[in-house]
Amino acid sequence: MSSHQTPAIELRGAGKTFRTPSGGLHTAVRDLDLTVDQGEFVAVVGPTGCGKSTTLTLVSGLEEATTGDVLVGGAPVTGIGPTTGFVFQQDAVFPWRSVLSNVMAGPRFRGVPKAEARERARAWLARVGLGAFEDRYPHQLSGGQRKRVALAATFVNDPTLLLMDEPFSALDVQTRALMSDELLDLWAGTGASVVFVTHDLEESIALADKVVVMTAGPATVKEVFTIDLPRPRKVESIRLEPRFLDIYREIWTSLGEEVRITRERGAADAA
C-alpha cells in the first residue's frame with residue numbers, strides 16, 4: 001500500500017460487550033487491532049463462537065463498538081454505509097420477489113431509475129449464469145443458485161467494501177468450491193475490499209490475501225498470515241499446490257491451539 005493511501009478498514013483497540021438476558025455482561029471481542037488495505041481480500045478464522053461475526057457487525061455499522069475505534073475509509077463508522085455490501089450465511093433474498101426483482105431491489109432503494117436498475121440487474125444475472133432464470137422465485141432455485149442471486153444482488157450496488165459471514169457454509173462441497181471460484185471471478189477488477197469470515201481454513205487460504213487468526217473468546221487478533229499464492233486462482237487446483245499445504249500447516253499450528261482451548265472450556269462448563 002502506498003504511504004498516502006487510506007486503509008479500507010482500521011480497528012484500533014476495538015471491543016464489544018453485550019448485556020445478557022440475565023442482566024450480566026458478555027465481552028465478545030476485545031482489543032482488536034486490524035488493518036485491511038484498499039482492494040485487499042482478508043479472511044478471518046477462529047474457534048466457534050469466538051466473535052468473528054461480531055467483528056463484521058462492528059465494521060458494517062450494524063453494532064457500535066463499546067471500546068476503541070472502527071474506521072472505514074479513514075472515517076469513524078456511524079452506521080451502514082451506502083457502499084458496504086453484506087452477504088450473510090442465510091440467503092438474504094425476498095421470497096415473494098422474482099430473481100430479477102431481487103437483484104433490482106438494491107439499486108431501486110438507492111434511487112436508480114427502474115429501467116437502469118433492470119438493465120444493471122440483468123447484466124449481473126448474466127455474469128452469475130442466471131440470465132435465463134430472471135422470472136423464477138427463490139423457492140424454485142437450488143442452494144447454489146440462490147447464493148448466486150445473493151452475490152448478484154450485492155455486486156449490482158458496486159460495493160467498495162464487501163463483508164461476508166460464512167456465505168457458503170450451507171452448500172455441499174462441490175457447489176462450495178464452484179461458488180468460491182465464482183466469487184473470485186466477480187471480485188476481480190472491482191477494487192472492492194473484502195472481509196470473509198469462515199470456519200474452513202482451506203477456504204480462507206484459497207481465497208484470501210491475508211488470513212487473520214482470532215483467539216478463543218473473547219476474541220482478539222492472534223496472528224495475521226500473508227498468503228503468497230499467485231492470482232488468478234482456481235480453488236480446487238490451488239489446494240494441491242505444495243505451497244498451499246505449507247501455509248495450511250503453519251496457520252493450523254496457530255488456529256488449532258485456540259480450537260483446543262475452546263473445546264476444553266466447553267468440556268469444563270459441561271462437567
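In this structure, CG in Leu240 is found 8.0 Å from CG in Leu245, a value given to the nearest 0.5 Å. For the atom pair CD1 of Ile238 and CZ of Arg231, the computed distance is 9.0 Å after rounding to the nearest 0.5 Å. A distance of 12.5 Å separates CD in Glu258 from CZ in Arg263, rounded to the nearest 0.5 Å. The distance from atom CZ of Arg127 to atom CZ of Arg148, rounded to the nearest 0.5 Å, is 13.0 Å. A distance of 10.0 Å separates CZ in Phe88 from OG in Ser53, rounded to the nearest 0.5 Å.
At a threshold of 4.5 Å between non-hydrogen side-chain atoms, the residues Val128 and Leu186 count as touching. Using a 4.5 Å cut-off on side-chain heavy atoms (C-beta onward), Met164 and Leu183 make contact. Annotation: side chain of Thr262 is not in contact with side chain of Cys50 (no heavy-atom distance under 4.5 Å). Residues Leu130 and Glu134 have side chains not in contact (no heavy-atom distance under 4.5 Å, counting atoms from C-beta outward). Residues Leu141 and Arg136 are in side-chain contact: their nearest non-hydrogen atoms beyond the backbone lie under 4.5 Å apart. In this structure, Phe168 and Ser180 have side chains that are in contact, with non-hydrogen atoms separated by less than 4.5 Å. Residues Phe133 and Leu125 have side chains not in contact (no heavy-atom distance under 4.5 Å, counting atoms from C-beta outward). Contact annotation: the side chain of Leu58 never approaches that of Val77 to less than 4.5 Å [non-hydrogen atoms, C-beta and beyond].
Nearest heavy-atom pair, Ala219 versus Met214, reported as atom, atom and distance to 0.1 Å: CB-CE, 3.7 Å. When all heavy atoms are compared, the tightest approach of Pro95 to Pro138 is O-CD, 3.7 Å.
Ring pair Trp252/Tyr248 is parallel by interplanar angle, where below 30° counts as parallel and above 60° as perpendicular.
The residues Glu257 and Lys222 are annotated as salt-bridged, a charged nitrogen and a carboxylate oxygen being separated by less than 4.0 angstrom.
Not a single donor-acceptor pair under 3.5 Å links the side chain of Trp124 to the backbone N or O of Ala153. The main-chain N or O of Asp69 is never found under 3.5 Å from a side-chain atom of Arg12 such that the two would form a donor-acceptor pair. Remark: the backbone N or O of Arg233 is not paired with any side-chain donor or acceptor of Ser237 at under 3.5 angstrom. At least one donor-acceptor pair under 3.5 Å links the side chain of Thr190 to the backbone N or O of Trp187. Without hydrogens or angle criteria, Asp181 side chain to Val235 main chain gives a donor-acceptor distance under 3.5 Å. Panel note: side chain Asn102, backbone Phe94; a donor-acceptor pair is recorded below 3.5 Å. Asp209 places a side-chain N or O within 3.5 Å of a backbone atom of Phe41 that can act as its donor or acceptor partner. Within the 3.5 Å criterion, the main-chain N or O of Phe196 finds no donor-acceptor partner in the side chain of Lys52. Of the possible donor and acceptor atoms, none in the side chain of Lys210 sits under 3.5 Å from a partner among the backbone N and O of Ala43. Using modelled atom types, one side-chain atom of Thr55 and one backbone atom of Gly51 make a donor-acceptor pair closer than 3.5 Å.
For the 3.5 Å distance criterion, the side chains of Asp31 and Thr220 fail to qualify, holding no donor opposite an acceptor.
Listed by chain and residue number, Leu100, Met104, Lys114, Arg122 satisfy the side chain to side chain contact (heavy atoms under 4.5 Å, CB included) test with Arg118 (two or more places apart in sequence, or in another chain).
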(request) Given side-chain contact (heavy atoms from CB on, under 4.5 Å), test Glu40 with Val194 step by step and report yes or no. (result) CA-CA 6 Å; Glu40 192 171 38; Val194 182; over 6 Å; no

